[in-house]
Amino acid sequence: MTTTPAQTSAPTDEVRVRFCPSPTGTPHVGMVRTALFNWAHARHHGGKLIFRIEDTDAARDSEESYHQLLDAMRWLGIDWDEGVEVGGPDGPYRQSQRADIYQGVIAKLKDAGHIYESYSTAEEISARHRAAGGDPQLGYDGFDRDLTDEQKSAYRAEGREPTWRLRMPDTDLTFTDLVRGEITFKAGTTPDFVVVRANGQPLYTLVNPVDDALMRITHVLRGEDILSSTPRQIALYRALIDIGVAERVPEFGHLPYVMGEGNKKLSKRDPQADLFLYREQGFVPEGMVNYLSLLGWGYSADEDIFSRQQLVERFTAEDVNPNPARVDIKKATAINADHIRLLPEADLSERLIPYLQHGGVLGETVTPEQRALVSAATPLVQTRMNLLGEAPDLMGFLFTADEDLVVQDDALKKLGDDPVAVLERAISEVEAVPTESFTAAPLEGVLREAIVEDLGIKPRLAFGPLRSAISGRRISPPLFESMELLGKPSSLARLRALRDRLATAR
RNA sequence: GCCCCCAUCGUCCAGCGGCCUAGGACACCGGCCUUUCACGCCGGCGACACGGGUUCGAAUCCCGUUGGGGGUACCA
């Protein structure tokens, strides 16, 4: 067959990678890591990322899952050049819409004799192995490879419809894996496999390489779980090259597993696998991208906090480590915390708002005053949180009406010998501070002098009762800054409230 | 069973024949700073699975053992 080079034909040295998930369930971190590495590889080499959806399994695929996939990619900033939503020269990009394309390829494969009809049932195959004294579990034995027309007619007369199998070459199959080096599968260890069901529908085994070929994919970076199906794909590629559908066999790179605790692969049910759970808890995409990159790859010998841009600058598939990686929530959280600290204040305070709303600290509509308070409080909490979801707990007291402030039991303990006296003194000092200079530094100066110097109480005990009164907590953002944000009337009201409560209890 | 992959601190990553008395990060344990908590800083604990080769020299190369994992579908 003669192929007319398409106008859109890409330069032969262009790197073209793809991400091709099945839309089943919620996005899984292992899958997202695969998307990320493909993206980083494409961007590093100035190539293209193609985003295709493998929805050939109507029973398991869902539209909801498809939208979650888009959401996940966008959240993490993994953009694609061709594919669903954006289109491209090789569409459509959902396999459910490509049936005609596959039928055309199947016809050519049949004509060229690369695939043949097979009537053997699983039972018949194992029966033959048993009869030959072999393990009945053994795979397909090539029984139908050279069926005569008479034999085929006889099967059809029984009402049997054939599957179609690819004729595997009787040679070793070797390829150089981008992450693992040279890998050889011995001749005869991969049986002829089914590419078309008896009902005429193509299987993943056919459709995946066909689309990669048609989309001119140059590098296939995918999970280690399909490493063993690579020889089948290479054999199919050769057949596709022969019939003019493929230009070449792409390079393969098999990324290590992402594991949970112990030696279990992260299962879909595992909460650690659910990308959106990380987002709900307050992971920022920068932190997530950073952490995910560390699952099988390293930025440098002594740094592991980096930006998306830095990832792109350094990432190559060849540097990916072949051994499985385990998800470590603590490390992920620590990395996220670093990225939160790296955020400009204004950016962070904007990101905090949805979490404050979710935590009930802010309502559905946020007033300009509330927004201003969030901004002002942001520097107080930036080094104190690991996850954005901690914001309501950390900042809630600033948004609570004085009369609604709950002083936690914990905050009532270890307040020193005479917290009431401390509070009394603090109240009179604070009353004397003019409203216009009600800011952290003067407040600290005045209170320190009165309580620490004058009353001779150690700072630790001197400010404990005030902290409890102001924040309701034993642990809180810095005291004087908090008082400044609350303002004079509110600060005084809270100090008085705790004084009264403790005095009554005495 | 057969085929394939993997093997450095508890975990992740660095190391790709001499720079290694093995480096960084998280976690953990001390300490400093300090109005609490964090941040930051200083220090500590802690690994080349085992056995053979090759080499002047091996965490690095080869073989084997052991231990993990995956595949062996008319799923993807």
Side-chain angles (χ1 to χ4, degrees), chain A residues 20-22 24 54-57 59-61 95 118 121-122 134-140 161-165 177 179-180 183-186 188-191 193-205 207-208 223-232 254 256-257 259 261-265 291 293-305 319 321-335 337-338 341 380-386 394 411 414 444 447-448 451-452 458-464 466-468 471 473-481:
Chain A
C20 52
S22 289
T24 60
E54 307 220 326
D55 51 350
T56 54
D57 187 348
R60 297 197 310 156
D61 299 329
Q95 291 184 332
S118 170
T121 63
D135 183 346
Q137 300 275 66
L138 250 37
Y140 179 67
E161 288 295 331
T163 60
W164 292 77
R165 292 180 187 269
D177 191 282
V179 341
R180 289 152 212 277
I183 297 173
T184 297
F185 289 80
K186 284 191 210 138
T189 57
T190 307
F193 59 100
V194 176
V195 292
V196 184
R197 289 187 175 101
N199 67 7
Q201 296 300 308
L203 254 17
Y204 156 83
T205 49
V207 140
N208 175 278
E224 183 185 345
D225 50 332
I226 30 196
L227 175 58
S228 357
S229 69
T230 306
R232 307 195 298 193
H254 291 91
Y257 279 104
M259 318 277 282
E261 296 296 315
N263 283 320
K264 300 178 307 232
K265 192 180 159 192
Y291 182 67
S293 301
L294 259 14
L295 261 22
W297 183 75
Y299 178 71
S300 83
D302 53 14
E303 300 163 275
D304 57 12
I305 299 297
D319 288 337
N321 186 326
N323 55 317
R326 255 153 289 271
V327 170
D328 179 349
I329 295 292
K330 284 194 173 151
K331 173 132 185 178
T333 305
I335 284 179
D338 279 327
R341 283 171 217 132
L380 267 41
V381 297
Q382 189 158 19
T383 59
R384 269 164 256 267
M385 59 180 170
N386 300 315
L394 240 34
K414 297 183 184 165
E444 174 171 8
L447 290 167
R448 190 176 287 278
I451 305 172
V452 179
K458 291 213 178 340
R460 194 175 201 89
L461 291 174
F463 302 125
L466 311 203
R467 181 180 307 286
S468 295
S471 70
R473 305 296 184 94
R474 189 175 61 80
I475 293 167
S476 81
L479 177 61
F480 309 109
E481 285 78 356

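Sequence lines set the chain letters: A, B, ... in the order given, protein chains first and strands last, and positions in each chain run from 1.
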Enquirer: So, using ring pair (Phe, Tyr, Trp, His ring centres under 6.0 Å) as the criterion, who are the partners of A:Y257 when residues are at least two apart?
Expert: none
Enquirer: Not counting sequence neighbours, which residues clear ring pair (Phe, Tyr, Trp, His ring centres under 6.0 Å) with A:F463? List them please.
Expert: A:F480
Enquirer: With 3.5 Å as the limit, what N/O pairs link the protein to nucleotides 22-26 of chain B?
Expert:
{"from": "B:G23", "atom 1": "N2", "to": "A:A301", "atom 2": "O", "distance (Å)": "3.3"}
{"from": "B:G24", "atom 1": "O2'", "to": "A:D302", "atom 2": "O", "distance (Å)": "2.9"}
{"from": "B:A25", "atom 1": "O4'", "to": "A:D304", "atom 2": "OD2", "distance (Å)": "3.4"}
{"from": "B:A25", "atom 1": "O2'", "to": "A:D304", "atom 2": "OD1", "distance (Å)": "3.4"}
{"from": "B:A25", "atom 1": "O2'", "to": "A:D304", "atom 2": "OD2", "distance (Å)": "2.9"}
{"from": "B:A25", "atom 1": "O2'", "to": "A:K331", "atom 2": "NZ", "distance (Å)": "3.3"}
{"from": "B:A25", "atom 1": "N3", "to": "A:K331", "atom 2": "NZ", "distance (Å)": "2.9"}
{"from": "B:C26", "atom 1": "O2'", "to": "A:K331", "atom 2": "N", "distance (Å)": "3.2"}

Enquirer: Side chain to side chain contact (heavy atoms under 4.5 Å, CB included) with A:D304: which residues, sequence neighbours excluded?
Expert: A:L294, A:K331
Enquirer: Please state the P separation for the pair B:C63 and B:C3 - nearest whole angstrom.
Expert: 16 Å
Enquirer: Which residues pass the ring pair (Phe, Tyr, Trp, His ring centres under 6.0 Å) test with A:Y204, sequence neighbours left out?
Expert: none
Enquirer: Treating primed atoms plus P, OP1 and OP2 as sugar-phosphate and everything else as base, which nucleotides of nucleotides 31-37 of chain B get B, S or - for protein heavy atoms under 4.0 Å?
Expert: ----BBB
Enquirer: Checking all strands, does A:R473 fall into the base, sugar-phosphate, or nothing category for heavy-atom contacts under 4.0 angstrom?
Expert: nothing
Enquirer: How about A:L203 and A:R197: do any of their side-chain heavy atoms sit closer than 4.5 Å?
Expert: yes
Enquirer: Could you check whether A:R165 makes a cation-pi contact with A:F193, meaning its NZ or CZ is under 6.0 Å from the centre of the six-membered ring and within 45° of the ring axis?
Expert: no
Enquirer: Taking salt bridge (Lys or Arg N to Asp or Glu O under 4.0 Å) as the test, write out the residues that go with A:E161, two or more places apart.
Expert: A:R156
Enquirer: Scan A:G296 against the nucleic acid and name what it touches under 4.0 Å (heavy atoms): base, sugar-phosphate only, or nothing.
Expert: sugar-phosphate
Enquirer: Counting Watson-Crick and G-U wobble pairs only, both distances under 3.5 Å, name the nucleotide matched with B:A7, or none.
Expert: B:U66
Enquirer: For B:C2, which nucleotide in any strand shown is its Watson-Crick or wobble partner with both distances under 3.5 Å?
Expert: B:G71
Enquirer: Sequence neighbours left out, what passes ring pair (Phe, Tyr, Trp, His ring centres under 6.0 Å) with A:W297? Give chain and number order.
Expert: A:F306, A:F315
Enquirer: Which nucleotide, B:G40, B:C12, B:C5, lies nearest any side-chain atom of A:R326?
Expert: B:C12
Enquirer: At 4.0 Å (heavy atoms only), tell me whether A:T184 reaches a base, stays on the sugar-phosphate, or touches nothing.
Expert: sugar-phosphate
Enquirer: For A:T383, answer base if it contacts any base atom (sugar-phosphate contacts may also be present), sugar-phosphate if it contacts only those atoms, and nothing otherwise; contact means non-hydrogen atoms under 4.0 Å.
Expert: base
Enquirer: What integer number of Å spans the P atoms of B:C50 and B:G67?
Expert: 15 Å
Enquirer: For A:P231, give me all partners under side chain to side chain contact (heavy atoms under 4.5 Å, CB included), at least two apart in sequence or on another chain.
Expert: A:L173, A:F185, A:T190
Enquirer: Which part of the nucleic acid, if any, lies within contact of A:W164, taking any heavy atom under 4.0 Å across all strands shown: a base, the sugar-phosphate backbone alone, or nothing?
Expert: nothing
Enquirer: Side chain to side chain donor-acceptor pair (under 3.5 Å) with A:S476: which residues, sequence neighbours excluded?
Expert: A:R467
Enquirer: So if I define the base as every atom that isn't primed, P, OP1 or OP2, how would nucleotides 69-76 of chain B read as a B/S/- string at a heavy-atom cutoff under 4.0 Å?
Expert: SBS--BSB
Enquirer: Taking only nitrogen or oxygen atoms into account, show me every contact under 3.5 Å that the protein makes with nucleotides 41-43 of chain B, one pair per line with its distance.
Expert:
none

